[in-house]
Amino acid sequence: MPSSFVFDPRVRKAAIIGLIVTILITLGAQILAHAAMTDWFKVSVTNVTFENKNGLTLRGKLFRPKNIDEANPAPGVVYLHGYQNNRETMDPFGIELARRGFVVITLDALGRGNSDNQFSETEPGFDPTYGADSAFEYLQNLPFVNPDRCGMGGHSLGGEWSYLAAMENPDVQAIVFSGFAYREDATPDTPKNMMMVFGKYDEYRQRMTSTRDFKAEWMSSPQTISAIPGSDLSFDTTYGNFADGTARRVHMTRTTHVGESFDKGAIAEVINWFSQALNPDAPLTLPADQQIWRIKEIGSLVAMLAGIMSAIPLAILLLGVKPFSVLAGTPASNYAVDKKTFWRAFGINFGLTLLFLALVMVIMGFHVYVLPIDGVFPMMMVNGVIFWFLIINIIGFLIFRRWLKKQQSIENAVSTEELGIVFRWPKFLLSLLLALVLFAFVYALQAIPESFLLVDFRYKFPYASDMTGYRWLMMLLYFPLFLLGFIQVNIMLQAQLRPKPGSSWQATVLRKTLVGMFVMLTPLLFHMALQYVPLYTTGFVPFVGPGGALVGFVINIEHMCVLLAMMIPIATVLYEATDSIYPGAILNALIVTWMFTSSSVIAPLPI
């Protein structure tokens, strides 16, 4: 068998350069994201922790313009994220409001990010605002904040929390929520100075507004009649006045539920609203449509891609030295998938992938009607994904075994050894050690800079961040389940569907990566198309589920596609370098488990 490419001096030199470059890109992108977040260092951004009214600890991010102090207090805003999110998701609002003189707190609500968890609505001291009340009180008590000019904002479930808080607290002088709708308990003056932002293509339209056609129905709905006096009401018109708290406005933007937090026009509306409501004597010197938040989002995306990909050159370097050099190997060249096997496997995987929402409903139904599972597995969004991932890969493994049995009855058939799927404890444990070292490096590359730059790995969705002790326990809980799934994924992609080798190991890696992405991402993208083509063309939302439960899982498919797109090339390089599926499968499972457990909500499903 030829020697693995990891021992080639030219490859090792390139790996050293690649490692340095990926580290520099990661750090540079994190610094750029931090610079944009601080308005090029004109705003101080720090972590704050404080006690919630039920004794739990909350963590937030405090945006404080450097030109304000106790003698010159500023208006303040608390901004709250939605159900499956954390404080970083509200950074566009924090960045843009702070640039215009506001003090802003973006909060990790209870059960999110680094805040403490509340597990059940029946537990003593349960806070239905998930920390919103206490965050607002904390903001008001800051010496550089004018307590008489404070407001709240939020998206989706965060909009509901802010709405609940503002309905009860007259100190909330203005409120903005997106992806959530005011209810019939709203009146012309409660809550004060209220603006609603909602997307024309918001997938939660029926749950949040009880409308089928938001544009046609909302401004004449019972909720609007209760909250806004008058007749023939229209979007993008301000009713009432800010001085007595009766200002009302509804802005409809042409985007989806997630897009409402990343829409330039919606963010400009929020800036203008809070400026008029909380800071009327200081007209905006910076136009609301001049926004820089996207630089921060792109910076954190680039940092994530480079940081995760840094595992590839580091793996090559480690596999060339003891003790990991014994893992190095070259895959057998006497097997390549034929067209019939490829398309059959592709079709089976396509069909199994489309079981996603059906299997989510099975596990959620079991949780609601048979036996609650959140006492042991408290991350309900992860539970839906992992149940689907496990079931389809168990089925896939059984189908693979049948295929392998047929293969071995053929003369000169490929062996399990040649496929790189033979399990041996010594090599598996060494593969585990290699994967742990690689994971620790990637984690440090994210978490250490985050500790002082306050930038995690994200784009639109939270992907990976530093972990609390409890979330490390969750990683230990969910890791074995993800590992079982990724072992079968790599059996399929790296062994069974192996294409003909390229002219070099790099060409082989590229070919296998493209094939793997085609196999894994096509059915997921098709699933998204089933939801969004009807939504954008007719306004119909096909997959909603009880209380809108399925909408969140469909939205999560985009997140899953990005994860798989990052994992496939890593696993492919490790397979080509070791002739084994296990190093890549273990590292895939470690990274994906980290990403799910660091960013997923620990709270009851809002259905």
Side-chain angles (χ1 to χ4, degrees), residues 1-8 11-12 15 18-19 22 307-332 335 393 397 400 415-445 475 479-498 501 505-506 508-510 512-513 515-516 520 563-595:
M1 179 180 293
S3 175
S4 173
F5 62 81
V6 300
F7 300 114
D8 186 330
V11 172
R12 298 188 65 76
L19 181 60
T22 52
I308 298 299
M309 290 303 111
S310 69
I312 292 177
L314 181 58
I316 292 171
L317 295 173
L318 290 176
L319 285 166
V321 296
K322 292 182 179 179
F324 302 117
S325 56
V326 299
L327 293 174
T330 300
Y335 171 76
N393 279 296
F397 179 72
F400 169 76
S415 67
T416 55
E417 186 83 40
E418 291 168 325
L419 288 174
I421 62 176
V422 173
F423 181 90
R424 296 187 179 92
W425 273 111
K427 282 199 169 185
F428 179 82
L429 293 175
L430 193 57
S431 297
L432 176 61
L433 179 60
L434 172 66
L436 286 170
V437 171
L438 294 170
F439 169 73
F441 177 81
V442 173
Y443 179 82
L445 196 54
M475 183 161 179
F479 168 70
L481 305 178
F482 276 110
L483 178 59
L484 290 174
F486 273 109
I487 286 174
Q488 169 54 27
V489 167
N490 281 279
I491 286 175
M492 178 179 65
L493 296 185
Q494 307 302 336
Q496 184 184 17
L497 301 186
R498 183 197 308 172
W505 71 268
Q506 296 97 326
T508 301
V509 166
L510 178 60
K512 289 184 70 176
T513 295
V515 169
M520 296 301 294
L563 289 181
L564 287 170
M566 291 189 290
M567 294 306 103
I568 290 170
I570 291 174
T572 302
V573 171
L574 283 168
Y575 180 82
E576 293 300 312
T578 64
D579 187 26
S580 172
I581 64 161
Y582 296 106
I586 298 170
L587 184 55
N588 282 174
L590 284 169
I591 293 174
V592 169
T593 308
W594 167 42
M595 290 193 164

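If you're wondering where the values come from, they're calculated on a predicted model, not measured in any experiment.
The structure places CD1 of Ile568 at 8.5 Å from CD of Gln494, a figure rounded to the nearest 0.5 Å. In this structure, OH on Tyr575 lies 3.5 Å from CZ on Arg498, to the nearest 0.5 angstrom. Summarising the geometry, atom CZ belonging to Phe482 is positioned 11.0 Å from atom CG belonging to Asn393; distances are rounded to the nearest 0.5 Å. In this structure, CG in Leu438 is found 5.5 Å from CG in Leu587, a value given to the nearest 0.5 Å. Rounded to the nearest 0.5 angstrom, Gln496 CD and Leu419 CG are separated by 8.5 Å. Note that CZ of Phe486 and CG of Leu564 are 5.5 Å apart. Values are rounded to the nearest 0.5 Å.
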Would you sort out whether Asp8 and Trp505 count as a side-chain contact (heavy atoms from CB on, under 4.5 Å), showing the intermediate values?
CA-CA 12 Å; Asp8 186 330; Trp505 71 268; over 6 Å; no
Test Val489 against Asn588 for side-chain contact (heavy atoms from CB on, under 4.5 Å), laying out the working first.
CA-CA 10 Å; Val489 167; Asn588 282 174; 5.9 Å; no
The test is side-chain contact (heavy atoms from CB on, under 4.5 Å); show your working for Phe324 and Val6 and say whether it passes.
CA-CA 11 Å; Phe324 302 117; Val6 300; over 6 Å; no
Passes side-chain contact (heavy atoms from CB on, under 4.5 Å), Met567 versus Leu493? Steps please.
CA-CA 12 Å; Met567 294 306 103; Leu493 296 185; over 6 Å; no
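Counting heavy atoms from C-beta outward, Leu327 and Ser580 have side chains that stay 4.5 Å or more apart. Residues Phe5 and Glu576 have side chains in contact (heavy-atom distance under 4.5 Å, counting atoms from C-beta outward).
When all heavy atoms are compared, the tightest approach of Thr22 to Ser310 is OG1-CB, 3.3 Å. Smallest separation of non-hydrogen atoms from Val515 and Leu497: CG1-O, 4.4 Å. Taking every heavy atom of both residues into account, Ser431 and Pro583 meet most closely at OG-CG, 3.4 Å. In terms of heavy atoms, Pro313 sits closest to Met309 at CD-O, 3.2 Å. The minimum heavy-atom distance linking Asp579 with Pro331 is given by the pair OD1-CA, 3.3 Å.
For Ser415, the side chain to side chain donor-acceptor pair (under 3.5 Å) partners at least two apart in sequence or on another chain are Glu418.
Among Ile316, Ile586, Leu319, Asn490, the single residue meeting the side-chain contact (heavy atoms from CB on, under 4.5 Å) criterion with Leu574 is Leu319.
Taking the six-membered ring where the residue is Trp, Tyr582 and Phe423 present perpendicular rings, their angle passing 60° and hence far from 30°.
The residues Arg424 and Glu417 are annotated as salt-bridged, a charged nitrogen and a carboxylate oxygen being separated by less than 4.0 angstrom.
Side-chain atoms of Ser4 come within 3.5 Å of backbone atoms of Ala577 as a donor-acceptor pair (strictly under, hydrogens ignored). Checked by atom type and distance alone, the side chain of Arg12 pairs as donor or acceptor with a backbone atom of Leu317 at under 3.5 Å.
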